[in-house]
Amino acid sequence: MSQVASRLRPRSIAVLAVASLAGLLMFMWPLVLVPEAGATRVDPPFFFMLLLPLVVGVVVVELTEGGMDSKALAMLGVLTAINAALRALGAGTAGIEMVFFLLILSGRVFGAGFGFVLGCTSLFASSLLTSGVGPWLPFQMLASAWIGMGAGLLPRRLTGRAEIVALVVYGIVCSYLYGFLMNLSSWPFTLGIEVPGHEGGLSFVPGADLLDNLHRFTIYTLLTSTAGWDTGRAITNSIAIVALGPAILATLRRAARRARYV
């Protein structure tokens, strides 16, 4: 049985829940924001988007100060550096992204709180290495943090082959959800979207019916991302977890035992 490097206190759980809810609203605002009567456009909630990096930072500080000792922080630094280097190798070309499989395995071993922080720090460090800093970075950090957190919440009773199968399935689901969320974060600002083979525009229409906008976005992400980038990400995660997962899990758990995480 693996040991958890960062146990969540009640206050940490509350902060994490509020931050996740705020982050989810930042992703979903085009579908839930209702314009005033007679309005011809909807202004994006830029104020709240500017607060998103601060929200992520508050959660990271809360988790690191409240639930991680020096040994856990040292492990966090090592895994962050490795993940940043792995992401630079693939750089997302054709959906080949090597950052997520180690994030999933680490969250599985060290727990949900550790996985959340590792998702934030990994994407932040890798963005600095690849000059990928931009308005999309907080969204990437939060989506990756959810991936690491979710891995730590998977049932602990799974072991052996069943554990690898569960992690592969989880990795595939996360690959498509990550693409869905990142597309949703940029879709409202992309004007004049036209995809060959599809009649009509797929851009966000302020004030349109929720189902209409959701329909346009679903077609947009299916045609532009799901079959390509997201599927490539899912294949990469699956191969890496199957090929390297057992050895990396054993190594991380051995490190956890030696560090004697409480």
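Start at 1 with the first residue, then count along the sequence. Excluded from the calculations below are hydrogen atoms, water molecules and symmetry mates; all remaining heavy atoms, backbone and side chain alike, are included.
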Applied to residues 73-84, the side-chain hydrogen bond (donor to acceptor under 3.5 Å, both in side chains) test, sequence neighbours excluded, yields Thr80-Thr121, Asn83-Ser122
Hey, mind stepping through Phe114 and Leu76 against side chain to side chain contact (heavy atoms under 4.5 Å, CB included) and telling me if it holds?
CA-CA 8 Å; Phe114 187 95; Leu76 175 67; 3.9 Å; yes
Contacts of Tyr178 meeting ring-ring contact (aromatic ring centres under 6.0 Å, His included) (sequence neighbours excluded), chain-then-number -> Phe100
Item to complete: Decide yes or no on side chain to side chain contact (heavy atoms under 4.5 Å, CB included) for Phe110 and Leu79, but give the supporting numbers first.
Response: CA-CA 11 Å; Phe110 296 115; Leu79 291 174; 4.0 Å; yes
Here the pair of heavy atoms bringing Ile241 nearest to Pro246 is O-CD, 3.7 Å
Those residues at least two apart in sequence (or on a different chain) that pass side chain to side chain donor-acceptor pair (under 3.5 Å) with Thr221 are Asn183
Over 60° means perpendicular and under 30° means parallel, so tell me whether Phe217 and Trp187 are parallel, tilted or perpendicular. tilted
Residues 143-154 vs side-chain hydrogen bond (donor to acceptor under 3.5 Å, both in side chains), sequence neighbours excluded, gives Ser20-Trp146
Leu154 meets the side-chain contact (heavy atoms from CB on, under 4.5 Å) criterion, sequence neighbours left out, with Arg108, Leu167, Tyr170
Hits for side chain to side chain donor-acceptor pair (under 3.5 Å) against Ser106, two or more places apart or cross-chain, chain-then-number order -> none
In this structure, CE of Met182 is separated from CG of Leu142 (nearest 0.5 Å) by 10.0 Å
Heavy atoms of Ser127 and Arg87 approach each other most closely as OG-NH1, 3.5 Å
For Ala240, the side-chain contact (heavy atoms from CB on, under 4.5 Å) test, sequence neighbours excluded, returns Phe101
Decide yes or no on side chain to side chain contact (heavy atoms under 4.5 Å, CB included) for Ile172 and Asn237, but give the supporting numbers first. CA-CA 7 Å; Ile172 293 173; Asn237 280 338; over 6 Å; no
- Task: Walk me through it: do Thr231 and Tyr176 pass the test side chain to side chain donor-acceptor pair (under 3.5 Å)?
- Result: CA-CA 7 Å; Thr231 299; Tyr176 289 105; 3.0 Å; yes
For Leu222, the side-chain contact (heavy atoms from CB on, under 4.5 Å) test, sequence neighbours excluded, returns Thr218, Thr226
In terms of heavy-atom contacts, Gly171 and Ser175 come closest through O-OG, 2.7 Å
Sorted by chain and number, sequence neighbours left out, side-chain contact (heavy atoms from CB on, under 4.5 Å) with Phe124 holds for Leu128, Leu137, Met141
Rounded to the nearest 0.5 Å, the CD1 atom of Ile248 sits from the CZ atom of Arg253 at a distance of 12.0 Å
For Ile235, the hydrophobic cluster (side chain heavy atoms closer than 4.5 Å, chained through members) also holds Ile239
